[in-house]
Amino acid sequence: ILNVEQSPQSLHVQEGDSTNFTCSFPSSNFYALHWYRWETAKSPEALFVMTLNGDEKKKGRISATLNTKEGYSYLYIKGSQPEDSATYLCALNTGNQFYFGTGTSLTVIP
Amino acid sequence: NAGVTQTPKFQVLKTGQSMTLQCAQDMNHNSMYWYRQDPGMGLRLIYYSASEGTTDKGEVPNGYNVSRLNKREFSLRLESAAPSQTSVYFCASSVHRSSGYTFGSGTRLTVV
């Protein structure tokens, strides 16, 4: 069992603010790092899959970076909107199994 | 294209009752998974099936059994439900074990 940690656990920001949160993982068991967006009462939806150290992915106002050597990934949201409110999950893919963090719950206040 | 379909969406069981959660995917994915989601914990893997005809235990398999009926369907059975199995259950599928998941909408199970 591998420990994937996400911080902060929850976050409240004003509409228009930019924000970021962290996923930390044991760097020695790395195959890929996945980010998911999970809205209340729905199922998780894939955001990014990152495999290479220094990877940076972007989808609209959301972007993510990866540092496999030190074992962390950042997710950034620029100019947060109320529709960005969700839990953001990261998952470490070891090639054999996924290990999920507990998520960062983001609330964007209009 | 329905993706991953789980049934039922909600279920209440009495302790000791049995039930089967159904999962089907129409994306021709090879791998399928059952997870449970509990407050304050990340998604935990119960069982997975890397390919049709194979199943393996995940992190929390006790009290559950699975069947990979064919490439499309992967069911989860609780033989004798316990209150500790009260949870939200998610089925997921992927092209192969190292690719991203598509999740079902979840089954909220309460065991009283």
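Every chain is numbered from 1 and lettered A, B, ... according to where its sequence line falls, protein lines coming before strand lines.
With chain A as the partner, the residue from B:Val4, B:Leu43, B:Thr102, B:Val88 showing the most heavy-atom pairs under 4.5 Å is B:Leu43. The candidate from A:Gln6, A:Gln9, A:His34, A:Lys42 with the greatest count of non-hydrogen atom pairs under 4.5 Å with chain B is A:His34.
In this structure, B:Tyr35 has its ring center at least 6.0 angstrom away from the ring center of A:Phe98.
Only the side chain of B:Leu45 comes within less than 4.5 Å of a heavy atom of chain A; its backbone N, CA, C and O stay farther away. Of the atoms belonging to B:Ser31, not a single heavy atom falls under 4.5 Å from chain A. For B:Gln37, the part sitting under 4.5 Å from any heavy atom of chain A is the side chain, from C-beta outward, and nothing else.
Using bins of under 30°, 30° to 60° and over 60° for the plane-to-plane angle, the ring pair B:Phe90/A:Trp38 lands in the perpendicular bin.
Under the 4.5 Å side-chain heavy-atom criterion for ILVMFWY residues, no single connected hydrophobic cluster contains both B:Tyr48 and A:Tyr99. By the criterion of side-chain heavy atoms lying less than 4.5 angstrom apart, applied directly or through intervening Ile, Leu, Val, Met, Phe, Trp or Tyr residues, A:Trp35 is not grouped with A:Phe100; the two fall into different hydrophobic clusters. Under a hydrophobic-cluster definition in which Ile, Leu, Val, Met, Phe, Trp and Tyr are linked whenever side-chain heavy atoms come within less than 4.5 Å, directly or via other members, B:Ile46 and B:Val111 are assigned to the same cluster.
Counting non-hydrogen atoms of neighbouring residues, nucleotides and ligands closer than 6.0 angstrom, the CZ atom of B:Arg108 reaches no more than 12 such neighbours. The neighbour count for A:Tyr76 OH, taken as heavy atoms of other residues, nucleotides or ligands under 6.0 Å away, is above 12. Around CD of A:Glu45, the count of heavy atoms belonging to other residues, nucleotides or ligands within 6.0 Å does not exceed 12.
For the residue pair B:Ser105 and A:Ser43, the shortest heavy atom distance occurs at CA-CB, 3.9 Å.
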